[in-house]
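Below is one structure, written out as structure tokens, with a few remarks after it.
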Amino acid sequence: MKDYKRSHMEERIARQYEEVVYRAGSYDDMLWQWEQGILWRELDWLKKEIPNVSMLDFAAGTGRILAFLEDKVGLAVGIDNAEAMLARARACVKKAELICADITESDVLIGKQFDYITAFRFFLNAEPDLRDAAFQALVPKLRDERSVFIFNIHGNLWSHRLFSKLWYRMRGRRLNTMTVRQVRQLVRRHGLEVVRWCGFGVKPKIFYRIFGARFMFAIDSLLAQIPWMKYISYNLIFVCRRTHKTP
Ligand SMILES: C[S@@+](CC[C@H](N)C(=O)[O-])C[C@H]1O[C@@H](n2cnc3c(N)ncnc32)[C@H](O)[C@@H]1O
């Protein structure tokens, strides 16, 4: 990917994202079933402190996160710079405000702050400068020390992704991966700390096709209950909070 900012601008890509990547029963759809539980649990905990949570979904894409959470929060805003993706979000989101903009270039959310910020399937494939720019723009949008910033990395190096990466490398291609250590370093640079993290997806993707997605999902769900399994899981979710007051 040469320029991640422009990666989802075409209608063809947006359609593929919804109809192929998130096709019912796909591996990514199974990951999403697990992610929903984590997003809901984190929101539930936060609502004990802040009943009327305001949320921002950065890189909202086709709106899957907003559509899932918008009824459970007081205010929901989604931002993405690809109109093709947002057009699909508009079709499934009911009350969330959708903004087509690149917050790393102009602060269209000036004066707004949020209790719950999500950024899914963005940081793994964004270039290092774009990762930094996104954190720089988003961390000041966290309302206070109770606010949470939740994102995923769907490519833990120390998971079955390692074998795909080696396979790609043998063919002269590149596959992005990140480690927990790299994530911790990244968030720390931006005044955040990881307060919790969890993982899902020990079984290789191909097992889902061979043995059936539902069956493999059940096995991976059991494995996800074993604490150390997260270290070798493909999809990681990080829950972060501010370590100090941002200016
Ligand atoms: C893989 S999609 C993820 C969509 C959604 N978060 C999800 O998990 O389904 C990545 C999204 O990031 C968006 N994106 C990339 N660079 C961006 C930027 N600078 N500002 C806002 N959105 C951006 C793309 O347009 C795309 O919709």
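All ligand and atom numbering here is 1-based and tracks the order in the structure. If you're wondering where the values come from, they're calculated on a predicted model, not measured in any experiment. In this chain, numbering begins with 1 at the start of the sequence shown.
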I'd like to know if the side chain of [X] reaches the main chain of [Y], judged simply by a donor and an acceptor atom lying under 3.5 Å from each other, with no hydrogens or angles considered.
X    : Y    : answer
N152 : R121 : yes
S26  : V21  : yes
Q136 : H190 : no
R131 : A126 : yes

Residue and atom name of the nearest protein heavy atom (relative to [atom]), distance in Å to one decimal:
atom                    : value
atom 6 (N) of ligand 1  : A59 O, 2.6 Å
atom 10 (C) of ligand 1 : Y4 OH, 3.3 Å
atom 19 (N) of ligand 1 : D102 OD1, 3.0 Å
atom 2 (S) of ligand 1  : H8 NE2, 3.7 Å
atom 23 (C) of ligand 1 : N81 OD1, 3.1 Å
atom 13 (C) of ligand 1 : D80 OD2, 3.4 Å

Measure [X] to ligand 1 on non-hydrogen atoms and call it side chain, backbone, both or neither using the 4.0 Å cut-off.
X    : answer
Y17  : side chain
M85  : side chain
F122 : side chain

Which pairs with one or both residues in residues 70-82 pass salt bridge (charged side-chain N to carboxylate O under 4.0 Å, His left out), sequence neighbours excluded? D71-K94
Which atoms of ligand 1 have any heavy atom of [X] under 4.0 Å away?
X   : answer
R64 : 7 (C), 8 (O), 9 (O)
A82 : 25 (O)
A60 : 5 (C)
F58 : 20 (N), 21 (C)

Among E105, H154, K5, closest by any non-hydrogen atom to atom 16 (N) of ligand 1: K5
Side-chain H-bond candidate by donor/acceptor type, T104 with K5, under 3.5 Å: yes
Does either side chain, that of N235 or that of E35, offer a donor lying less than 3.5 Å from an acceptor on the other one? yes
Could you tell me which non-hydrogen atom of V53 sits nearest to which non-hydrogen atom of V73, and how far apart they are? O-CB, 3.4 Å
Please name the pair of heavy atoms, one in L66 and one in A76, separated by the smallest distance, quoted to 0.1 Å. CD2-CB, 4.1 Å
Results of salt bridge (charged side-chain N to carboxylate O under 4.0 Å, His left out) for D107 - residues two or more places apart only: K141
Below 3.5 angstrom, do we get any N/O pair linking I79 and ligand 1? no
